[in-house]
Amino acid sequence: MKKLLLTLTVIAAFQNATSQEITLDKIYSGYYRGKGIAGIASMKNGENYLVIEQGEIAKYSYKTSQKEGNLVDGNFESYEFSDDESKILLLKQSQPIYRHSFLGVYDVKDLKSGKILSLNEGKPVQEPRFSPDATKIAFIVDNNLFYQDLNSGKITQITEHGVKNKVLNGLADWVYEEEFGHARLYEWTKNSADILFVKLVETDVPEIFIPIYGKSLYPSEMRYKYPKAGEKNSVATAHIYHLADGKKTTVNLEQFKNYYIPNVIQTANADEIVLITSQRTQNASDVLKVNTKTGEVKKLFTETDDKWIDTDNVTLEFLEDNSFLWASERDGFRHLYWFDKDGKLKKQVTKGNWEVTEYYGYNPKSQEIFVQTTEKGSINKVVSKINIQNGKSQLISNTEGNNAANFSKNYNYFIETSSTAAKPYTFVLKDGNGKQLKELQNNDDQLKKLQSDNFSVKEFITIPNAAGDQMNAWIIKPKNFDPNKKYPLFMYQYSGPGSQQVSNSWDNGNALWFEMLAQKGYIIACVDGRGTGYKGAKFKKVTYKNLGKYEIEDQIVAAKWLGNQKYIDKTRIGIFGWSFGGYMASLAMTKGADVFKTGIAVAPVTNWRYYDSVYTERFLLTPQENPAGYDDNSPTTYANLLKGKFLMIHGTADDNVHFQNSMEFSEALIQNKKQFEFMAYPDKNHGIYGGQTRPQLYQKMTDFILENL
């Protein structure tokens, strides 16, 4: 009986404690997990939308918000319509390859007849794409391009020389996929007569090999082509395949910038494709129109910048008359420009000391474009519609927080997804003028659980840097914060070019861990310094040729400023980051050794010579052209300066930031007789997850902070 009472007392104490605090167990058990709406897509009529629900793709009415049945039964990861909505492509199962690429098993359902066809006889494919006339689907298998006739089921092979680690047809290699942001490098013409595809020959690209330990007696190897800064890249060429006769022609790009071909885009004309190409130094891109009948290439214009162009963030939209909208930073902020069909500038559509962050579409009936912008402040994102002729603008979303929109095809409705740092995601159905029709879903239950566990809302402030900029920052204070006490400070940042961590939005990721640390008596802060995004090109691009220099200066200045606040113990400042953030944490613990007592660097780049060509050279040029930009900003160079407690963490199978980075930095620290802690995660990639990996990782980092800060 005594033992039972003791047990009940322990259980009651545990329940009482955990009901008032955020714990790792709760975070990773899914206790705080939020809800969303999956697979929102408007149907062509503009009056219905679809969502993925358990066991079906359900059909809803915009007007009534009521369910009107379903389109397809079954469990699917995603779906895509043909242009005329006569057919739907259903992803049944997938297997990831790299960040964007995956192998998928697909069905094609004819929505009129109900007939279902297994794409490629049910065998996995990559990057399937309907022809505009809905009679065929192109796809990639083993680096070769195919298409399947959806009436007969016949499969036709377009290319024949695709070989792993040698030749890719219509498919991005590792570095194209990672840094240009997509895996598909082919497109149908509007008339479905031709396919233009990019061929990448990576024979001369150096190969990286990564041991995979598993449970085998001898480790296996993962080998793939990875061009590091200054090394050889794939040779890119463009080709046209004519379905009528099966012939292929090569597009002559000799007189244009043709080192990279990141984008293949369909125009509004029947037999045209646009290519966006770039030289190796990514400060100029040609926008080229290819006539797929004749092979003739016409340059529409060249986009230039004295530093770099964001080749990974292209917006190009063709309107019905084949004029087009293009996003550019040419006036210092990212805005939309309207060109005629021949590439002559008609007008700048958006203007101001704010940026267009997303383009949603154009309504020819009202002559309005729909965009997401930062016009209500760089930490907020709002949705507006703008008349393309007279520039008249109307805000149609909430005025604060981060708001995104999914529009009906006729732009009479949209589903707004909104959040702030204090409120989790809500999904609201609105009309085209922004009037709320119905709240479809909220996450009030998630918020209530966190509030009952003493959730603290982020405070937003600005911090000055040495250049006179006001840097955006947030702070999380303990719920029982006492301004007369001194608290240790734990800083988080990423700081990569164009990134943003200080945003008035809900964070289901690290934020819950930070809340837990705040409850343990820490103040958590994050600062977006120079190099980060949404504050204009000057603020972002000041880091050109010196990646890491100004970013770490700003983090050190921010730490000192925070340390001078009466409630911060300046002798107990720590810093944490992952990837680029891990690079910054490593610099903080060396170049900022007098300021930072403790640091955690996860998957850090430790010398940009070890990172990929497309990303690194965009900001630094090649090591041959700018050796000081690489070595003067490498934490390895400053290994002798380490003073505080430092934990470095890396997955051994990281295909992005190779394990080599941490090994190199470790050796430099060892040879300088510096003590540090290191944790390797066997066979884990850049995300370091799987099974119990994340709970173990975050427990390790928590223990390290509690012991050393």
Side-chain angles (χ1 to χ4, degrees), residues 24 27-28 94-102 173-175 177-179 206-216 218-229 492-496 499 501 509-510 513 575-589 599-612 615-616 634-636 646-670 676-705:
L24 284 176
I27 292 171
Y28 286 104
S94 64
Q95 178 184 344
I97 302 173
Y98 299 121
R99 189 185 296 268
H100 300 285
S101 58
F102 61 90
D173 63 7
W174 187 94
V175 74
E177 175 182 330
E178 177 69 23
E179 305 304 352
E207 192 172 60
I208 188 78
F209 55 92
I210 296 173
I212 302 298
Y213 300 100
K215 296 181 179 179
S216 302
Y218 294 91
S220 60
E221 277 186 344
M222 176 170 67
R223 287 181 173 266
Y224 61 101
K225 299 289 186 164
Y226 186 107
K228 299 198 176 189
Y492 165 68
Q493 45 63 62
Y494 179 73
S495 301
S499 65
Q501 300 303 314
N510 278 321
W513 181 52
I575 192 166
F576 158 69
W578 198 305
S579 195
F580 198 109
Y583 162 66
M584 292 293 292
S586 301
L587 280 174
M589 294 302 295
I600 302 174
V602 184
V605 174
T606 60
N607 190 314
W608 291 108
R609 291 175 182 270
Y610 297 139
Y611 200 57
D612 75 60
Y615 180 93
T616 309
S634 165
T636 304
F646 181 51
L647 169 62
M648 190 158 45
I649 297 168
H650 219 127
T652 67
D654 192 332
D655 65 293
N656 186 355
V657 180
H658 298 144
F659 193 65
Q660 174 187 16
N661 284 270
S662 287
M663 292 295 94
E664 172 75 8
F665 192 28
S666 293
E667 176 64 7
L669 292 169
I670 291 164
F676 63 102
E677 292 188 32
F678 186 84
M679 181 68 186
Y681 282 89
D683 299 339
K684 297 300 183 287
N685 64 16
H686 197 55
I688 312 182
Y689 59 88
Q692 294 301 312
T693 303
R694 276 297 179 97
Q696 193 274 351
L697 165 62
Y698 275 81
Q699 186 64 61
K700 181 167 190 64
M701 294 195 296
T702 301
D703 293 342
F704 182 79
I705 294 163

Could you grab the distance from atom CD of Gln699 to atom CG of Leu24, nearest 0.5 Å is fine? 5.0 Å
Return the NZ to OH distance between Lys228 and Tyr610, rounded to the nearest 0.5 Å. 7.5 Å
Are Phe576 and Asn510 side-chain neighbours, meaning at least one heavy-atom pair lies under 4.5 Å? yes
Determine whether Ile97 and Glu177 make a side-chain contact, defined as any pair of heavy atoms from C-beta on separated by less than 4.5 Å. no
Is atom OH of Tyr689 surrounded by more than 12 heavy atoms (other residues, nucleotides or ligands) closer than 6.0 Å? no
Do Asp173 and Tyr98 get their side chains close enough for a donor-acceptor pair, meaning under 3.5 Å? no
Is there a side-chain contact (heavy atoms from CB on, under 4.5 Å) between Ile688 and Trp578 once you walk through the steps? CA-CA 11 Å; Ile688 312 182; Trp578 198 305; 3.9 Å; yes
Looking at Ser495 and Gln493, what are the two nearest heavy atoms and their distance? OG-OE1, 3.2 Å
List the atom of Tyr494, the atom of Ser499, and the distance in Å for their closest heavy-atom pair. CD2-OG, 3.4 Å
What's the shortest heavy-atom distance between Tyr224 and Asn656, and which atoms? OH-N, 4.4 Å
Can you find a heavy atom in the side chain of Ser101 that is under 4.5 Å from one in the side chain of Trp174? no
Are Phe580 and Trp608 close enough that their ring centres sit under 6.0 Å apart? yes
Between Gly651 and Phe659 the two heavy atoms that sit nearest each other are O-CD1, 3.7 Å
Hey, are the side chains of Phe676 and Ser666 touching, using non-hydrogen atoms and a 4.5 Å cut-off? yes
Please report the interatomic distance NE2(His650) to NE2(His658), rounded to the nearest 0.5 Å. 8.5 Å
Distance col, row Lys700:NZ vs Ile600:CD1, nearest 0.5 angstrom, shows 9.5 Å
For Trp513 and Tyr698, take the angle between the two ring planes, folded into 0 to 90°, and tell me which bin it lands in: parallel under 30, tilted 30 to 60, perpendicular over 60. perpendicular
Heavy-atom closest contact (Gly687 atom, Arg694 atom, distance): O-NH2, 2.8 Å
Please name all residues satisfying salt bridge (Lys or Arg N to Asp or Glu O under 4.0 Å) with Glu664, sequence neighbours left out, ordered by chain then number. none
Nearest heavy-atom neighbours spanning Arg223 and Phe209: CG-CB, 3.6 Å
Is the CD atom of Glu221 crowded by more than 12 outside heavy atoms at less than 6.0 Å? yes
Test side chain to side chain contact (heavy atoms under 4.5 Å, CB included) applied to Asn661 and Thr636, Val605, Asp654, the passing residue: Val605
Checking the side chain of Ser579 only, and the main-chain atoms of Ala603 only, is there a donor and an acceptor separated by less than 3.5 Å? no
Would you compute the distance between atom CE of Met663 and atom OG1 of Thr652 and round it to the nearest 0.5 angstrom? 10.0 Å
Starting at OH of Tyr226, measure out to CD1 of Ile210 and round the result to the nearest 0.5 Å. 9.0 Å
